[in-house]
Amino acid sequence: MVVLIEIPFYIFSGLAILFAGVILFTKNLLYGAFSLVGTFLCVAAIYVLAQAEFVAVTQLMVYVGGIVVLLIFGVMLTNKITDKGIITSSYNRFLGAIIAISLFVVLFYGILKINFGAVKGQSADMNNVNQIGVELLTEYLLPFEIAAVVLLIALIGSSVISGYKTKETDE
Amino acid sequence: MSSEYYFILAAALFCIGLAVIITKKNAVMVLMGVELVLNAANINFVAVNKNNLVSLDGQFFALFVIVMAAAEAAVGLAIILKLFKYYKTTELDKINQLKG
């Protein structure tokens with residue numbers, strides 16, 4: 001039972017970090033966007049292993065189905081396509097490496113210091129999708145509605161910002 | 001399986017996302033780094049919730065973070081499209097005027 005969770009966890013976490021590293025080191029924007037898809041898929045698998053099935057499905061639908069498509073549209077609309085593909089370069093490489101590695105070392109040290117044995121685990125039913133649905137419409141109803149309104153306002157605002165304005169309506 | 005492996009994975013993804021935000025020149029690439037950072041935060045929420053599945057607060061936090069990430073990506077890309085129309089580039093170093 002332990003092996004059944006641990007081996008997929010190591011595989012998917014390794015793949016997630018690998019795809020994230022491709023984003024960091026590639027020069028091609030489209031390769032970066034597609035390896036972002038790989039990272040999101042591996043993170044969804046990690047959610048399933050942590051018994052958060054509904055969050056995993058939401059991750060697949062919103063991130064892989066929505067945000068990555070938006071990002072690829074952004075790449076295609078804002079870059080001149082040359083023979084070599086859509087190329088970007090990087091700067092501040094030394095500073096970025098120093099900050100990221102030192103922050104990771106600090107976080108790693110801090111995580112190893114936590115006493116996880118003191119945390120009492122409480123097990124429940126394996127399937128908690130039902131409970132999420134019930135709680136989302138009772139206890140979390142106000143944040144749910146506010147999130148819906150925020151999403152609506154953000155989408156209207158983004159279409160207003162990026163929309164094409166003619167001279168007549170511009171005044 | 002203990003939570004610390006999830007935390008270490010989240011820390012690694014966070015640091016890679018931070019490095020992407022710092023080093024990349026293209027604005028769309030910086031948005032990709034932001035998405036990586038948000039995913040790392042979500043992994044932490046879900047991993048903390050794994051220890052106590054009776055209440056699902058961590059998973060609700062992760063769900064609302066995903067909703068906010070969708071809104072953030074939409075608004076961010078709209079701003080980038082507008083900047084590209086005006087400046088004809090998306091390199092963040094060359095966008096240095098507030099009113100041209």
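Source: prediction; values computed, not measured. Letters A, B, ... are given to chains in the order of the sequence lines, protein chains preceding strands, and every chain is numbered from 1.
By the ring-ring contact (aromatic ring centres under 6.0 Å, His included) test, Phe64(B) is found to be paired with no residue, residues two or more places apart in sequence or in another chain being considered.
Side chain of Gln51(A) to backbone of Asn49(B): no donor-acceptor contact under 3.5 angstrom is found. For Gln131(A) (side chain) and Val54(B) (main-chain N/O), a donor-acceptor pair under 3.5 Å exists by modelled atom type.
Of the residues considered (Asn26(B), Ile79(B), Leu81(B)), Asn26(B) shows the highest number of contacts with chain A, using heavy-atom pairs under 4.5 Å. Among Ala71(B), Ala27(B), Ala10(B), Gly58(B), the residue making the largest number of heavy-atom pairs under 4.5 Å with chain A is Ala71(B). Contacts with chain B were tallied for Ala154(A), Ala100(A), Ser89(A); Ser89(A) has the most, counting heavy-atom pairs under 4.5 Å. The greatest number of non-hydrogen atom pairs below 4.5 Å with chain A, out of Gly33(B), Gly76(B), Ala69(B), Ala40(B), is found for Ala69(B). Note on Val75(B), Asn39(B), Leu63(B), Ile22(B): by heavy-atom pairs under 4.5 Å with chain A, the leading option is Asn39(B). Among the candidates Ile99(A), Val68(A), Leu136(A), the residue making the largest number of heavy-atom pairs closer than 4.5 Å to chain B is Leu136(A). In terms of heavy-atom pairs under 4.5 Å with chain A, the best-connected choice from Leu18(B), Leu36(B), Ile21(B), Leu31(B) is Leu36(B).
Both the backbone and the side chain of Phe104(A) come within less than 4.5 Å of a heavy atom in chain B.
For the residue pair Thr26(A) and Lys24(B), the shortest heavy atom distance occurs at O-NZ, 3.0 Å.
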